[in-house]
Amino acid sequence: MTGHSSPAQPTPFHPAQAHSPRPRVLLIGRHFWPHGSIDAAAYLMQLATDLCRRDIHTEVLTPQYASSWAPRFDFRELTVHRPASAPRFDSAIGRDWSVNRYVRILASWIREHGRSYDVMMIDRAQEEVIAAVEAAKSVGCATVVRIGGWEQDNDIRWWQTHRSAGRCMAFTRRADIVVAKSPQDHRALVANAFEHERVVRIQDGFTAGSTRAERDKQRYRRALAAINGDLAAPADMPVALCCTPLRGDTGIRMLTESIRVLVSRYPRLRFWLIGDGPDRGSIYDFLRGEGVRDAIAMPGSFAEMKDLFIAADLFVQLGGTGLDSHLRQAVNESLPIVSVDNESTRAVLSADAPASGRVGGNVNVSSEHEHKTDSDLVAWFEPDRIKSLRLAMRRVLDQPQESADRAAELRRVLCRQRPHHDTVDAYVQLIRRLAGRRANKTDAQQSKTERSNSQQSDTQHTDAPSIESAS
């Protein structure tokens, strides 16, 4: 089991920690383990693990999604705190009716325990920012906000949707550092009048995954089939993996409407649709009506996704969801990529973009430079064109060996140009810099207090009558 519960007391804080060379960071996110099939959760799980293994004391603050969930548990080498219930979306009124309570509990927890940390990093500039930024400042803790999401799910776009979202932008401006993950976010922050010296660009990189051997793939398939019989797939059965929320705005409908045609051409083809969402039932009924029930598996959510990527033969990227973790993991595992062709996916699969950089002044980065990826290494399809998606799938399925070679070349290019360790280095340097700034501020305050106490002591000593004058 990856995580197990532990006593609910927070990690104790000792004064010596303020001078410890090992910084203490608190990651704050809406989703974490066991929501590994949610892209933001998978990203935060990997980031927390990387920081912990780079000698950064890392803990996580995230909400509960069930009353049975423990308020605190251990995940790998780090501690996860879950003091508040997640806000619930009420479709009748069109908003999260419990978000105010959620924000209030998070802020209270941070004010009570925040002195134990040097830096708080908030993943996604949404309601968690309102809870964390001011509460962290009240306890002298630095804050970092990472702009999350892509396309319609991007935080900067979300700020423009309603008044409460606009408040999140105002609180994000008060953070010590704002991290832009892409050139698009970089430019949008500058356009929204964010202070240049507070914005840092850290683009996520790629790492070499496991060597794809047929025996390993079959071993993982057998293990998955033992968990869920729908995932059973012999060696000669190609598996297309798609990880996306099952709702209408993710492009899942375009894929489901293509499955019958593709299965009629490739009878052994299987589709694994990983994720949950409000349209799950209607999607299942549609596919059953199409007569392709045996060609699909809809097992729901997974706490860990790596086994699925190793067992699959190709990966389908339908839209802006999944670009932070799932698409990168598919590249890391050398899976042939069938991807929608838009600015966001091109930015992720760009070989020339640096992993990190400082934002200063105007940003003038040409689209040609950002998207200088060899298009032959990815099977692109046009947005909202079902025929284009089918042709991209056929390109991969008709030439399995050539597609595998292109996927391996794509991984080599991206790992060489944008290695994952550069991304982790950028976060580590940022955290250490902010932690050092806090330590210097603490030393200055202590020195000022000591001087004040010394002056008071001298004054009392001067004012006290001597024994000789008394006699």
Side-chain angles (χ1 to χ4, degrees), residues 42 204-225 231-244 255 258-259 261-263 265-274 295-297 304-318 322-323 325-341 345-346 348-351 371-381 388-420:
D204 297 297
F206 298 83
T207 184
S210 57
T211 302
R212 294 188 60 79
E214 190 66 26
R215 62 180 181 277
D216 293 333
K217 182 171 71 174
Q218 287 307 113
R219 180 164 59 89
Y220 278 91
R221 286 189 179 185
R222 287 193 296 270
L224 290 168
L231 298 175
D236 62 341
M237 186 175 286
V239 173
L241 176 66
C242 180
C243 306
T244 185
L255 178 62
S258 302
I259 289 178
V261 176
L262 291 169
V263 170
R265 184 181 180 91
Y266 309 97
R268 303 286 292 171
L269 178 62
R270 295 296 180 267
F271 288 86
W272 290 355
L273 308 181
I274 309 301
I296 63 165
E304 297 281 351
M305 297 290 291
K306 184 175 182 180
D307 294 0
L308 293 164
F309 284 94
I310 296 176
D313 293 292
L314 65 98
F315 182 78
V316 182
Q317 178 64 40
L318 295 174
L323 299 185
S325 177
H326 294 155
L327 178 59
R328 298 174 196 278
Q329 193 166 356
V331 173
N332 296 341
E333 297 296 339
S334 295
L335 279 178
I337 306 295
V338 177
S339 175
V340 63
D341 190 355
T345 52
R346 291 274 182 175
V348 172
L349 298 176
S350 171
H371 303 153
K372 198 177 178 180
T373 303
D374 188 353
S375 296
D376 291 338
L377 301 181
V378 177
W380 301 101
F381 65 90
S388 179
L389 170 60
R390 294 172 183 172
L391 291 174
M393 293 285 294
R394 288 174 54 182
R395 177 188 172 192
V396 173
L397 294 170
D398 287 342
Q399 301 175 332
Q401 186 56 52
E402 290 83 350
S403 298
D405 293 342
R406 287 194 293 266
E409 176 63 19
L410 178 65
R411 184 182 72 171
R412 282 193 294 269
V413 170
L414 292 175
C415 287
R416 182 172 62 250
Q417 297 293 331
R418 291 166 56 190
H420 177 66

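Along the sequence shown, the residues carry numbers beginning at 1. Computation of the quantities below employed the complete heavy-atom set of this structure, encompassing side-chain atoms and omitting hydrogens, waters and symmetry-equivalent molecules.
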Closer than 4.0 angstrom, basic N to acidic O: yes or no for [X] and [Y]?
{"X": "Asp313", "Y": "Arg221", "result": "yes"}
{"X": "Arg268", "Y": "Asp236", "result": "yes"}
{"X": "Glu409", "Y": "Arg406", "result": "no"}

Donor-acceptor pair, side chain of [X] and main chain of [Y], under 3.5 angstrom:
{"X": "Arg411", "Y": "Asn332", "answer": "yes"}
{"X": "Arg390", "Y": "Ile259", "answer": "no"}
{"X": "Ser403", "Y": "Val396", "answer": "yes"}
{"X": "Asp307", "Y": "Tyr220", "answer": "no"}

Q. Who passes salt bridge (Lys or Arg N to Asp or Glu O under 4.0 Å) against Asp405, sequence neighbours left out?
A.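 If we apply the salt bridge (Lys or Arg N to Asp or Glu O under 4.0 Å) test to Asp405, skipping adjacent residues, there are no hits.
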
Q.
Applying salt bridge (Lys or Arg N to Asp or Glu O under 4.0 Å), can you list everything that pairs with Glu402, at least two apart in sequence or on another chain?
A.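 Residues passing salt bridge (Lys or Arg N to Asp or Glu O under 4.0 Å) with Glu402: none at all.
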
Q: Using the six-membered ring of Phe206, assess whether NZ or CZ of Arg418 lies under 6.0 Å from its centre and within 45 degrees of the ring axis.
A: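 Relative to the ring axis of Phe206, which defines the angle, Arg418 lies outside at least one limit.
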
(Q) Would Arg346 and Trp380 count as a cation-pi pair here, with the cationic atom under 6.0 angstrom from the ring centre and within 45° of the axis? (A)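 Judged by the rule, Arg346 and Trp380 form a cation-pi pair.
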
Nearest-0.5 Å distance that lies between atom [atom1] in [X] and atom [atom2] in [Y]:
{"X": "Asp341", "Y": "Phe381", "atom1": "CG", "atom2": "CZ", "value": "9.0 Å"}
{"X": "Leu308", "Y": "Ile274", "atom1": "CG", "atom2": "CD1", "value": "5.0 Å"}
{"X": "Leu273", "Y": "Thr244", "atom1": "CG", "atom2": "OG1", "value": "9.5 Å"}

Q | Minimum heavy-atom distance between Arg395 and Val378, given as atom pair plus value | A |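 Reported closest heavy-atom pair: NH1-O, 3.1 Å.
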
